[in-house]
Amino acid sequence: MPSDSTDGASPFDITTPQYRAYFPEGSRDDVEFRLTRMLSLSARRWGTYVESRMLAATGESRSRWQTLFVLSVATPPITTSLLSARLAIQWPPLIRTLNSLEEDGLIRRIENPTDRRSRYIEITPAGTEVVNRVQPVLSEIRSAVFGSLSEEDMRLATRVLEAIAVGVSDAQEALG
């Protein structure tokens, strides 16, 4: 993927001549825009690539294997609310995924004895088998994508992305 560095003319700069009207070269706005642009592009490309590879290799969609993985590593009991927060997804798509997983015998939903409005979700042995099939494929994908990065680069990127996630949460809380 071509770089969006400010050294020389990048493909982005060449194809967006009006960009500088909004973001003066070298300004904080320019740097922030380029970071968010690359963050968005990387996330979309990563998601698309992983989704297609996982479907081809395991037949499982991202929403299904991510839900199963979170359940496989979480300390039970886990509620739908907690699962929604950990996956950072809204209720309607999560409920559709849970219904599908339950129909396939990969999870079980159990009534919460202390709160009848809440249900606990647990992974079944069949669900754990899916996680065990998915994990090697994910490891292979990560190795292919991140192979040119050093461990130090990955740790730095992780710290930066964690700071961005905190910044987004803080901004959301500030808005009320």
Side-chain angles (χ1 to χ4, degrees), residues 1 4 32-146 149 154-155 157-176:
M1 178 168 71
D4 271 352
E32 287 175 351
F33 176 84
R34 288 175 184 276
L35 173 61
T36 56
R37 179 175 177 275
M38 293 313 299
L39 179 65
S40 295
L41 283 172
S42 297
R44 277 195 296 265
R45 288 179 182 176
W46 169 258
T48 300
Y49 178 65
V50 171
E51 180 83 17
S52 66
R53 286 282 313 272
M54 290 302 292
L55 274 171
T58 69
E60 296 294 335
S61 69
R62 181 176 27 195
S63 63
R64 287 173 57 95
W65 60 258
Q66 283 181 337
T67 301
L68 289 171
F69 179 77
V70 168
L71 290 169
S72 75
V73 298
T75 303
I78 186 165
T79 62
T80 307
S81 298
L82 182 57
L83 184 59
S84 175
R86 288 196 180 157
L87 289 167
I89 61 173
Q90 305 267 326
W91 273 70
L94 176 60
I95 297 305
R96 284 191 296 274
T97 299
L98 293 175
N99 289 342
S100 172
L101 293 171
E102 189 173 41
E103 287 172 16
D104 292 344
L106 304 177
I107 64 160
R108 241 184 316 275
R109 288 189 265 196
I110 303 159
E111 194 172 294
N112 181 341
T114 62
D115 181 356
R116 290 175 119 357
R117 297 168 297 162
S118 172
R119 298 180 110 188
Y120 293 136
I121 304 159
E122 64 182 23
I123 192 167
T124 64
T128 300
E129 288 177 24
V130 170
V131 172
N132 291 338
R133 280 195 339 262
V134 163
Q135 278 310 109
V137 178
L138 280 173
S139 291
E140 179 184 310
I141 291 168
R142 283 191 295 268
S143 292
V145 172
F146 302 135
L149 299 174
M154 289 185 283
R155 286 187 188 96
T158 300
R159 285 194 305 273
V160 168
L161 292 171
E162 286 170 347
I164 291 170
V166 168
V168 170
S169 293
D170 290 350
Q172 286 174 324
E173 287 178 21
L175 291 176

Could you tell me the separation between the [atom1] atom of [X] and the [atom2] atom of [Y], rounded to the nearest 0.5 Å?
{"X": "R62", "Y": "S52", "atom1": "CZ", "atom2": "OG", "result": "10.0 Å"}
{"X": "L82", "Y": "L87", "atom1": "CG", "atom2": "CG", "result": "9.5 Å"}
{"X": "I121", "Y": "S81", "atom1": "CD1", "atom2": "OG", "result": "8.5 Å"}

query = Taking only residues two or more places apart in sequence, or in another chain, which ones meet R44 in a side-chain hydrogen bond (donor to acceptor under 3.5 Å, both in side chains)?
reply =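 Expected list: none.
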ask   = Are any non-hydrogen side-chain atoms of R86 and I78 less than 4.5 angstrom apart?
value =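 Yes - at least one pair of side-chain heavy atoms lies under 4.5 Å apart.
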task = Could you check if a side-chain atom of E60 sits within less than 4.5 angstrom of a side-chain atom of M54, using non-hydrogen atoms only?
result =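 They are not in side-chain contact.
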key: ring-ring contact (aromatic ring centres under 6.0 Å, His included) contacts in which one or both residues fall within residues 53-91, not counting sequence neighbours   =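 ring-ring contact (aromatic ring centres under 6.0 Å, His included) check on residues 53-91 returns no pairs.
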message = Under the ring-ring contact (aromatic ring centres under 6.0 Å, His included) definition, can you give me all pairs with a residue in residues 37-60, not counting sequence neighbours?
response =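 Every ring-ring contact (aromatic ring centres under 6.0 Å, His included) pair that includes a residue of residues 37-60, provided the two are not neighbours, is W46-F146.
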Closer than 3.5 angstrom, by distance alone: can the side chain of [X] be matched with the main-chain N or O of [Y] as a donor-acceptor pair?
{"X": "T36", "Y": "F33", "value": "yes"}
{"X": "T67", "Y": "S63", "value": "yes"}
{"X": "S84", "Y": "I89", "value": "yes"}

key: Heavy-atom pair of closest approach, residues T124 and G105   =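 Heavy atoms of T124 and G105 come nearest at OG1-O, 2.6 Å.
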